S.K.: 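I have a structure here, written as structure tokens, and I will follow up with some questions on it.
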Protein chains: 2
Amino acid sequence: MKYAIGIDLGGTNTKIGLVNSAGKIVARESFGTQGFRGQEPLLGEMAAVIRRLLDGSGIKSADFCGIGIGVPGIVDSENGIIYNLTNISGWRNVRVTEKLRKLLAARVFLDNDVNLMALGELHFGAARGAANVICVTLGTGVGGGIIIEKKLYRGSSLSAGEIGHVVIDPEGPECGCGNRGCLEAYVGNQRIVDRVVADIKRGQKTSIGKLAGGDLSQVTPEVISKAAAQKDRYAVSVWQDVGRYIGIVFAGLTNVLNPDRIVVGGGVAKAGPVLFGSIEKTVGELAFPVAAKKAKIVGAALGNDAGMIGAATVAMVGR
Amino acid sequence: MKYAIGIDLGGTNTKIGLVNSAGKIVARESFGTQGFRGQEPLLGEMAAVIRRLLDGSGIKSADFCGIGIGVPGIVDSENGIIYNLTNISGWRNVRVTEKLRKLLAARVFLDNDVNLMALGELHFGAARGAANVICVTLGTGVGGGIIIEKKLYRGSSLSAGEIGHVVIDPEGPECGCGNRGCLEAYVGNQRIVDRVVADIKRGQKTSIGKLAGGDLSQVTPEVISKAAAQKDRYAVSVWQDVGRYIGIVFAGLTNVLNPDRIVVGGGVAKAGPVLFGSIEKTVGELAFPVAAKKAKIVGAALGNDAGMIGAATVAMVGR
């Protein structure tokens with residue numbers, strides 16, 4: 001059995017796992033990401049945790065492949081540089097692989113978190129056995145990763161996979177990226193919540209308000225999902241609409257990329273059958289039959305561990 | 001120097017060229033495709049032409065790579081089967097590579113014409129030196145081919161690249177494919193002409209009618225291009241609109257695939273700078289800056305010979 005360390009550097013928590021070549025996390029630690037003064041102390045803490053995990057594991061150095069780190073931001077995965085992390089201050093233009101390599105004398109790989117999640121799902125999750133995969137995470141933002149012929153596809157300037165910013169309607173709502181009508185501007189967490197709150201304020205009948213304890217500031221995608229699970233008609237229609245938008249983009253990508261698997265992860269994906277049913281229906285309607293039939297749409301399998309497992313995977317299989 | 005035969009089986013003409021490994025056609029013949037009673041006589045004519053070209057060339061059999069055939073329709077490129085050709089009757093479920101192999105004792109490769117055009121442009125045309133390429137042909141239909149890491153990308157059921165049927169607006173105009181709002185339903189030749197004729201009938205001021213000899217049935221994309229070249233404001237606006245639709249789809253694909261080259265060919269592409277300017281402007285507006293900057297948008301270079309050269313290329317480089 002081989003082993004690798006996967007680091008999931010998130011805005012809230014940094015999760016570090018020792019992962020074996022069957023994709024199982026055999027040891028793990030996590031700590032709050034905020035509160036470090038700049039990168040060096042945070043990198044030091046990562047190194048300390050990694051040393052502890054490795055020392056405690058008893059694995060032979062010959063069985064250790066290296067370290068992968070996934071981050072929520074723009075990176076140069078080829079040269080191991082983090083350009084910018086939106087939610088973690090003090091991380092501009094950081095040569096993170098070089099720094100960790102010096103601290104730990106190991107091979108270190110960097111990529112953005114959604115690319116690594118796609119790689120993890122390919123080797124150990126919902127995309128196992130597939131060759132060409134579109135991977136999407138639905139959350140505050142909408143991220144994407146593309147697998148082509150069983151390899152992570154990064155594109156000509158390492159920025160491929162930005163599915164959240166495929167434009168559905170150039171006259172549509174403003175998106176955080178500065179554009180209008182991107183997929184993310186329709187199905188990002190906050191957009192869904194904003195729409196629901198506005199509808200309730202306009203008098204929409206639904207149990208969502210009650211499920212949020214009567215406090216509209218407590219409406220979340222989870223609450224909307226709960227209402228939908230209880231057959232609240234309006235909540236169901238919200239997820240159907242969300243699925244429709246996602247399906248429009250997936251249908252186009254299905255026609256162009258003809259994937260055999262589409263993996264949907266992230267918090268919003270927990271809405272379950274009502275959401276997936278709507279996505280599948282839309283892809284079935286809008287994509288070529290031969291391509292739509294081939295593209296199996298599935299939920300992500302690795303859940304909250306996807307970041308760690310994906311990051312460890314790149315250290316095992318290489319870039 | 002190596003050589004291959006490229007067959008461009010079109011609805012009107014069948015063009016056959018002997019192509020060398022520098023991408024030059026060193027000998028060629030063509031004949032009308034219609035008027036053969038079924039496949040066998042047409043295949044026989046192809047074989048006779050190919051024998052003539054090879055016999056007249058004096059090339060050594062060791063320097064001959066084989067034969068490629070490109071067709072405008074749905075094929076199984078892996079098994080060499082033409083499923084259906086819309087414009088040539090009697091070609092359903094034809095094992096064309098097997099039949100030609102028996103007639104000519106040579107390696108034979110089959111693919112659809114736009115895939116092969118993309119391959120030809122990659123090796124010998126406007127995509128030379130690029131790694132990740134989106135190739136589009138604008139004509140009666142809108143076809144596409146995708147190059148990933150310098151290889152033709154066919155997808156999980158060999159149907160990748162259907163860029164013409166990416167849906168821009170699910171409530172949009174009906175498309176020939178049965179769907180609504182596909183790119184082709186906005187920018188297919190006939191759609192552009194229909195729109196122009198309708199606008200003229202509604203009193204639109206433009207020189208297009210005069211350039212068509214006063215006969216609206218003679219309006220073609222070429223006539224509209226001519227008017228635009230003479231600064232006819234309405235004709236310019238037509239190409240700007242066409243470029244906008246194409247740009248919307250290219251922007252999405254640029255965000256997802258991060259290509260280094262986008263090649264645009266086919267009759268409509270002859271509209272030139274006014275069309276390309278509008279495509280570039282739209283991609284610049286709607287795609288991520290890093291990806292938009294990387295994606296150089298260029299006209300196809302191989303023109304009417306693209307089909308033959310592309311078909312010969314697949315015989316030279318293999319599937």
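Model, not experiment: these values are computed from the prediction.
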S.K.: Counting only heavy atoms not in B:Arg92, do more than 12 sit closer than 6.0 Å to its CZ atom?
M.R.: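 At most 12 heavy atoms, drawn from other residues, nucleotides or ligands, come within 6.0 Å of this atom.
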S.K.: Can you tell which part of B:Glu149 gets under 4.5 Å to a heavy atom of chain A, answering side chain, backbone, both or neither?
M.R.: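 It is the side chain, since no backbone atom gets that close.
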S.K.: Counting only heavy atoms closer than 4.5 Å, note whether B:Arg244 contacts chain A via side chain, backbone, both or neither.
M.R.: side chain
S.K.: Please classify the contact between B:Leu286 and chain A as side chain, backbone, both or neither, with a heavy-atom cut-off of under 4.5 Å.
M.R.: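 Answer is both: backbone and side chain atoms of B:Leu286 are under 4.5 Å from chain A.
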S.K.: Determine whether more than 12 heavy atoms belonging to other residues, nucleotides or ligands lie under 6.0 Å from atom CZ of B:Arg233.
M.R.: no
S.K.: Checking heavy atoms, do the side chain of A:Ile168, its backbone, both or neither come under 4.5 Å from chain B?
M.R.: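 Contact with chain B involves the backbone of A:Ile168 alone.
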S.K.: If you count the non-hydrogen atoms of other residues, nucleotides and ligands that lie under 6.0 Å from CD1 in B:Ile74, is the total more than 12?
M.R.: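 No, not enclosed.
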S.K.: Taking side chain to side chain contact (heavy atoms under 4.5 Å, CB included) as the criterion, tell me which of A:Val256, A:Ile148, A:Asn258 meets it with B:Ile146.
M.R.: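 By the side chain to side chain contact (heavy atoms under 4.5 Å, CB included) criterion, B:Ile146 pairs with just one of A:Val256, A:Ile148, A:Asn258: A:Val256.
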S.K.: Does any non-hydrogen side-chain atom of A:Pro170 lie less than 4.5 Å from one of B:Glu285?
M.R.: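 Side-chain contact under 4.5 Å: no.
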S.K.: Which of residues 156-164 of chain A have a heavy atom under 4.5 Å from any heavy atom of chain B?
M.R.: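 Result: A:Ser156, A:Ser157, A:Leu158, A:Ser159, A:Ala160, A:Gly161, A:Glu162, A:Ile163.
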S.K.: At their closest point, which heavy atom of A:Leu257 faces which heavy atom of B:Tyr153, and how far apart are they?
M.R.: O-OH, 2.7 Å
S.K.: I'd like to check B:Asp169 versus A:Asp169 (side-chain heavy atoms, cut-off strictly below 4.5 Å). Are they in contact?
M.R.: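 Answer no - side chains too far apart.
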S.K.: Taking non-hydrogen atoms and a cut-off under 4.5 angstrom, which of residues 175-186 of chain B neighbour chain A?
M.R.: B:Cys177, B:Asn179
S.K.: So what's closer than 4.5 Å to chain B heavy atoms on A:Ala251: side chain, backbone, both or neither?
M.R.: neither
S.K.: Go through B:Val290, B:Val166, B:Asn255 and name the one with the most non-hydrogen pairs under 4.5 angstrom from chain A.
M.R.: B:Asn255
